[in-house]
Number of protein chains: 4
Amino acid sequence: MATAKAKAAEKGGPAGAPVPRRLMAAATRLFAERGYDRTSVQEIVEAAGVTKGALYHYFGSKDDLLHEIYGRLLRLQQERLDAYAGSEAPIEERVREAAADVVVTTIDNLDDAMIFFRSMHQLSPDKQKLVRAERRRYHEGFRALIEEGQKSGVFSTATPADLVVDYHFGSVHHLSSWYRPDGRLTPQEVADHLADLLMRALRP
Amino acid sequence: MATAKAKAAEKGGPAGAPVPRRLMAAATRLFAERGYDRTSVQEIVEAAGVTKGALYHYFGSKDDLLHEIYGRLLRLQQERLDAYAGSEAPIEERVREAAADVVVTTIDNLDDAMIFFRSMHQLSPDKQKLVRAERRRYHEGFRALIEEGQKSGVFSTATPADLVVDYHFGSVHHLSSWYRPDGRLTPQEVADHLADLLMRALRP
Amino acid sequence: MATAKAKAAEKGGPAGAPVPRRLMAAATRLFAERGYDRTSVQEIVEAAGVTKGALYHYFGSKDDLLHEIYGRLLRLQQERLDAYAGSEAPIEERVREAAADVVVTTIDNLDDAMIFFRSMHQLSPDKQKLVRAERRRYHEGFRALIEEGQKSGVFSTATPADLVVDYHFGSVHHLSSWYRPDGRLTPQEVADHLADLLMRALRP
Amino acid sequence: MATAKAKAAEKGGPAGAPVPRRLMAAATRLFAERGYDRTSVQEIVEAAGVTKGALYHYFGSKDDLLHEIYGRLLRLQQERLDAYAGSEAPIEERVREAAADVVVTTIDNLDDAMIFFRSMHQLSPDKQKLVRAERRRYHEGFRALIEEGQKSGVFSTATPADLVVDYHFGSVHHLSSWYRPDGRLTPQEVADHLADLLMRALRP
DNA sequence: CATGAATGAGTATTCATTCAT
DNA sequence: AATGAATGAATACTCATTCAT
């Protein structure tokens with residue numbers, strides 16, 4: 001039975017995975033499909049094969065599910081940015097790799113990302129504040145890299161670093177509006193192109 | 001009273017402006033403030049100083065108000081893009097100006113833009129299809145400009161034109177997430193910076 | 001039809017009476033029968049022959065219905081007390097009559113009274129505050145009468161007037177716990193007995 | 001640890017007292033604070049520092065806790081009334097002392113009393129019947145004392161004994177609505193005043 | 001043109017209780 | 001004796017929309 005559980009849990013699938021994981025998987029899929037407010041708690045628990053009581057046993061509110069989805073994506077991206085920031089590679093390389101990496105991980109978690117950009121404002125005000133604070137931390141980490149490149153002369157200083165970050169992340173956010181897994185380009189190709197555009201824009 | 005009307009009508013304000021305009025103004029403000037689904041029809045009619053009957057006299061549904069907001073913004077931007085596309089100026093200049101202009105008009109209509117990016121998926125499927133088609137037309141108009149520059153050799157062909165357009169428009173969509181009217185930069189300055197980043201990225 | 005309405009409205013009956021009155025009548029009966037919290041909004045609207053939407057069109061919440069029931073009783077009793085307070089009769093007579101009258105009107109509105117004493121604490125805190133303030137005003141009006149009698153020497157001063165009022169009103173509150181319309185004594189007989197007990201206790 | 005237990009057990013406190021007692025103490029406090037229906041089983045077990053399983057091990061239902069609170073108070077008051085009834089003192093003295101005593105014990109157990117008068121109707125019908133029967137027994141015991149006084153001529157027969165009992169017990173029930181431990185009068189003073197009012201009302 | 005009372009299906013959330021361990 | 005995950009039915013409340021006037 002332990003092995004059955006382990007097997008089914010691979011993707012948070014409905015069979016024998018732990019209930020909270022099943023709920024998160026169902027919520028993520030449904031929020032991405034029809035949006036947060038168009039998804040009822042009833043639909044989530046039906047998709048997860050549990051009852052409402054079980055959901056509220058693990059999550060305080062529908063809002064909590066949304067917040068957890070954000071947390072999952074934010075933690076992942078922050079972790080990866082930290083790795084690039086702390087690397088020994090030349091700044092130009094670190095920025096290019098970080099810029100491409102965030103594209104790849106966004107595409108790999110496109111449902112989470114779509115939910116993020118569409119539904120953040122439906123979070124309760126206090127949770128929204130928390131998310132914004134974490135988001136800002138991420139933004140500032142990236143900005144620090146850009147500024148480092150500008151100070152060392154490998155990047156143009158024509159544009160304030162803040163704007164550069166917003167420019168790049170606008171395109172990252174936008175991915176969930178147009179990227180289709182069955183499209184012409186692989187995630188890595190898209191990532192390389194977008195990172196390339198950023199690097200070219202930063203040439204002195 | 002005629003003067004009072006004229007005065008209040010400046011911004012679609014509540015006093016004596018035509019009822020449909022007052023409804024649109026109220027809906028736009030409220031949708032931007034609290035989101036489409038968090039705004040009730042009751043709140044809209046109260047803010048507009050009319051009754052529900054009046055709203056349903058002019059608009060078929062709440063959904064229609066949203067669709068109308070989209071139409072207003074899309075028509076404006078398409079019009080302006082067409083002007084740049086049809087101009088006699090060198091291609092580089094036309095792209096730079098179009099790229100900057102869409103930033104300025106987006107900031108000038110930041111409420112509309114915020115609603116656009118947050119609430120498009122809350123439109124009814126058929127209206128969503130309509131909007132997407134118009135959006136695609138706009139996208140293709142812009143892509144044609146990029147391709148013209150690539151063919152004539154003034155823009156690098158390293159990145160497919162489609163991706164370039166998505167890159168730039170990602171940052172335009174993103175504006176409503178970070179731009180604040182009381183911020184450091186004027187709309188025109190932001191527009192110049194973002195257009196500059198695009199042009200630098202396109203350098204051969 | 002206007003006459004039909006008028007006829008049916010006599011007791012707030014369900015037939016043609018105005019919807020708010022029908023709702024109040026249904027709520028009063030059900031709250032008295034099974035208590036506030038054991039009565040669902042669904043049951044109220046069914047008993048009134050309307051839909052939930054109609055209830056919430058006229059009342060902001062279930063709580064509002066309760067508050068309105070209190071208001072109705074409080075206004076009635078305050079009005080009558082004011083009449084006795086302002087009368088020209090000798091103080092002893094005024095107190096006896098007021099003391100008896102509150103018993104009669106309590107019995108005449110026994111459902112309201114029962115709801116009052118059982119369910120007041122289930123009101124929202126702010127509404128509870130309002131009710132308590134009005135109740136205190138009533139209490140103080142009655143206390144003033146007692147004190148007037150004490151000062152003029154017709155009532156004993158052995159007991160503080162406050163306690164006297166609480167003593168009498170305890171028995172008034174208690175009425176809904178034991179009085180049955182089909183019992184041995186008429187409302188007026190009960191009232192006379194209780195007023196008599198008060199007057200005897202107040203003899204110097 | 002044994003001493004810690006002993007200390008905390010003084011008031012049925014949470015530390016080391018037996019689990020059922022801790023549950024009763026927590027339930028009593030919470031029911032008095034926010035009412036029976038506004039208190040969840042979860043809150044009770046948290047306040048008692050145990051789990052739901054433990055509660056249902058000792059009590060059949062939430063309802064049982066309420067019933068037990070009633071039983072505790074009723075047993076105490078019946079016991080004390082029986083003592084006065086069986087005493088050798090003159091009837092006037094026995095009534096005065098019983099009337100005062102029930103006031104003191106009500107104030108000493110004000111939480112129990114408040115729960116009693118507010119929440120009796122929230123008991124299940126059959127338990128309610130039981131409680132009412134015990135209450136009636138108490139009422140009749142007190143009435144017998146009044147009647148004894150009336151027959152022996154020391155009390156007026158102007159008022160039926162039943163009504164006299166209801167008059168006095170109305171004020172006892174009412175205590176939990178106004179008595180505050182930090183008020184002007186001690187429990188004994190209040191008791192003396194209320195007993196005095198009763199005795200004065202009964203003067204022939 | 002405009003009203004606003006009324007609808008009815010829908011929403012998130014709560015909670016006493018059970019039961020496998 | 002005790003846990004705590006899970007149930008499932010019930011709850012108050014919302015809201016876009018309709019329609020007789």
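In what follows, every chain begins at residue 1, and chains take the letters A, B, ... in the order their sequences are listed.
- For the pair D:Asp112 and D:Arg72, the salt-bridge criterion is met [side-chain N within less than 4.0 Å of a carboxylate O].
- Going from atom CG of C:Leu23 over to atom P of E:dA5 covers 13 Å, rounded to whole Å.
- Each of D:Arg38 and A:Ser40 has a nearest nucleotide on DNA chain E; the 5'-most of these lies closest to A:Ser40.
- Taking a cutoff of 4.0 Å between a charged side-chain nitrogen and a carboxylate oxygen, A:Arg29 and A:Asp111 do not qualify as a salt bridge.
- One atom, CG of A:Asp37, and another, C1' of F:dC15, lie 13 Å apart when rounded to the nearest Å.
- Mapping D:Tyr36 and A:Ser61 onto DNA chain E by nearest heavy atom places A:Ser61 at the nucleotide closer to the 5' end.
- Looking at heavy-atom distances under 4.0 Å, A:Lys62 makes contact with sugar-phosphate atoms alone, never a base.
- At least one side-chain nitrogen or oxygen of C:Tyr58 sits closer than 4.0 Å to the OP1 or OP2 atom of E:dA6.
- For C:Lys52, counting side-chain heavy atoms from C-beta on, the closest listed nucleotide (F:dT11, E:dT14, E:dG10) is E:dG10.
- Both C:Thr39 and A:Gly53 lie close to DNA chain F; mapped to their nearest nucleotides by heavy-atom distance, the more 5′-ward contact belongs to A:Gly53.
- When the P atom of F:dT11 is taken as reference, atom CG of C:Asp63 falls 17 Å away, rounded to whole Å.
- Across all strands shown, E:dA20 forms a Watson-Crick or G-U wobble pair, both distances under 3.5 Å, with F:dT3.
- Among the heavy atoms of the strands lying under 4.0 Å from A:Val41 is at least one base atom, whether or not backbone atoms are also near.
- Atom-to-atom, CZ of C:Phe59 to C1' of F:dT14 comes out at 18 Å; the value is rounded to the nearest Å.
- OP1 or OP2 of E:dA5 lies within a sub-4.0 Å distance of a side-chain N or O belonging to C:His57.
- A cation-pi arrangement, defined by a distance under 6.0 Å to the six-membered ring centre and an angle within 45 degrees of its axis, is present between B:Lys62 and B:Tyr36.
- Salt bridge D:Arg34/D:Glu43: present, at least one basic N to carboxylate O contact under 4.0 Å.
- Regarding C:Glu46, its CD atom lies at a distance of 15 Å from the C1' atom of E:dT7, rounded to whole Å.
- One atom, CD of A:Gln42, and another, C1' of F:dT11, lie 15 Å apart when rounded to the nearest Å.
- Of the candidates E:dG4, F:dA6, E:dT14, E:dT14 carries the atom nearest the A:Tyr56 side chain, counting heavy atoms from C-beta on.
- Distance C:Leu65 CG to F:dC13 C1': 13 Å, rounded to the nearest Å.
- Regarding C:Leu55, its CG atom lies at a distance of 11 Å from the P atom of F:dT14, rounded to whole Å.
- Between A:Lys127 and A:Asp64 there is a salt bridge, since at least one side-chain N of the basic residue sits less than 4.0 Å from a carboxylate O of the acidic one.
- For C:Thr51, the side-chain atoms get nearest to E:dA6 when compared with the rest of E:dA2, E:dT17, E:dA6.
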